[in-house]
Amino acid sequence: MSLTMTNPAIILPTKSIGTLLPTSPSNNQQKSPSSSSTMSFVTSSPEIFSKICEYLTPIDIFKLSRVCKQYRNFLCTPSSTTYQNIWRTSRMKFLTYPQLPPPQGMDEKNYIKILIYDKSCEFCGNSDPGSSRLYWEFRVRCCDKCLLKRTKT
């Protein structure tokens, strides 16, 4: 094993780096979805992945779900109990006010999204402070103008 000097303060062993970095497939080999390091991590050890997610805030989980399709599929499948537990744990641990469970028919992700993430009107996009309100009966956040336009009295 030889050592490579990249910076006087950082010494990297060259042989072990190749084992840590993913190798690109040769021209003869086609890259299969199972060879993806993110997919193999999530599918082979969902318990570890969900344990890691316990330490993430809801905003961080939203960001993580945008990293790749595998993470999005794992974190945004409403029928999965693991998915629901990840979002519920994060909500209970990091958010102080929404301690009640989500309304019937709403999953944890959408509950958190409508409470803390989306602050603007869902229809016109008006993001002025105090312009939009949360209407639980419709499960929507909108301004008074859009509410009057889209509802019948």
Side-chain angles (χ1 to χ4, degrees), residues 6 9-10 12-13 15-26 29-151:
T6 58
I10 302 170
L12 300 172
K15 274 193 175 178
S16 64
I17 289 178
T19 59
L20 296 176
L21 299 175
T23 57
S24 61
S26 66
Q29 298 173 335
Q30 293 210 355
K31 190 172 182 179
S32 65
S34 62
S35 67
S36 169
S37 61
T38 55
M39 183 170 177
S40 63
F41 174 70
V42 172
T43 55
S44 67
S45 56
E47 299 86 22
I48 295 173
F49 185 74
S50 61
K51 207 57 158 159
I52 291 169
C53 290
E54 285 181 11
Y55 299 99
L56 300 176
T57 65
I59 298 293
D60 291 335
I61 296 175
F62 276 114
K63 290 176 183 177
L64 183 63
S65 70
R66 293 180 181 166
V67 168
C68 64
K69 281 185 179 181
Q70 288 82 19
Y71 287 174
R72 180 160 182 80
N73 291 339
F74 185 77
L75 292 169
C76 299
T77 306
S79 60
S80 168
T81 56
T82 306
Y83 151 85
Q84 292 292 328
N85 288 335
I86 288 171
W87 288 96
R88 183 179 304 109
T89 302
S90 180
R91 175 177 58 87
M92 299 297 279
K93 189 182 255 186
F94 294 104
L95 302 179
T96 55
Y97 55 89
Q99 295 299 321
L100 294 173
Q104 187 177 12
M106 183 181 278
D107 62 353
E108 289 281 342
K109 178 188 155 254
N110 289 327
Y111 182 53
I112 293 170
K113 183 179 176 189
I114 202 168
L115 283 174
I116 64 164
Y117 203 62
D118 292 336
K119 294 293 184 183
S120 61
C121 175
E122 292 183 23
F123 302 109
C124 69
N126 185 1
S127 60
D128 295 335
S131 65
S132 62
R133 289 183 23 199
L134 187 57
Y135 295 96
W136 285 110
E137 53 275 351
F138 303 120
R139 294 189 175 110
V140 69
R141 185 181 293 270
C142 67
C143 61
D144 292 334
K145 182 179 166 184
C146 290
L147 180 70
L148 291 173
K149 189 189 306 185
R150 287 177 167 73
T151 57

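Just the heavy atoms: all of them, side chains too, but no hydrogens, waters or symmetry mates, feed the values below. Residue numbers run from 1 in the order of the sequence given.
Taking the side chain as every heavy atom from C-beta outward, S132 and C142 never approach each other to under 4.5 Å. Contact of the C146 side chain with the V140 side chain is not registered, since no non-hydrogen atoms from C-beta on lie closer than 4.5 Å. Contact of the L56 side chain with the F62 side chain is not registered, since no non-hydrogen atoms from C-beta on lie closer than 4.5 Å.
Listed for the S131 side chain is no donor-acceptor partner under 3.5 Å among the backbone atoms of S127.
Atom CD1 of I52 sits about 11.5 Å away from atom CD of E47, to the nearest 0.5 Å. Rounding to the nearest 0.5 angstrom, the gap separating the CD1 atom in I61 from the OG atom in S90 is 3.5 Å. Rounding to the nearest 0.5 Å places CH2 of W87 at 6.0 Å from SG of C76. Note that OG1 of T81 and CG of N85 are 6.0 Å apart. Values are rounded to the nearest 0.5 Å. For the atom pair CG of N73 and OG of S80, the computed distance is 11.0 Å after rounding to the nearest 0.5 Å. Between Q70 atom CD and F49 atom CZ the span is 10.5 Å, to the nearest 0.5 Å.
Considering every non-hydrogen atom in both W136 and L115, the closest pair reads CZ2-CD2, 3.7 Å. Closest approach of F74 and I86 over heavy atoms only: CE2-CD1, 3.7 Å. Residue G125 comes nearest to S120 through the heavy atom pair O-CB, 3.9 Å, listed as atom of the first residue, atom of the second, then distance.
Among pairs with a residue in residues 123-148, none fulfils salt bridge (Lys or Arg N to Asp or Glu O under 4.0 Å), at least two apart in sequence or across chains. Judged as a salt bridge (Lys or Arg N to Asp or Glu O under 4.0 Å), the pairs with a partner in residues 100-116 (not counting sequence neighbours) are, in order, R88-E108, R91-E108. Screening residues 51-68 for side-chain hydrogen bond (donor to acceptor under 3.5 Å, both in side chains) gives T57-D60, R66-Y117 as the qualifying pairs, with residues at least two apart or on separate chains.
Applying side chain to side chain contact (heavy atoms under 4.5 Å, CB included) to Y111 and the options P101, P58, P103 leaves one that passes, P103.
The aromatic rings of Y135 and F138 sit tilted, their planes meeting at an angle between 30° and 60°.
In the displayed structure, R150 atom CZ is contacted under 6.0 Å by more than 12 heavy atoms of other residues, nucleotides or ligands.
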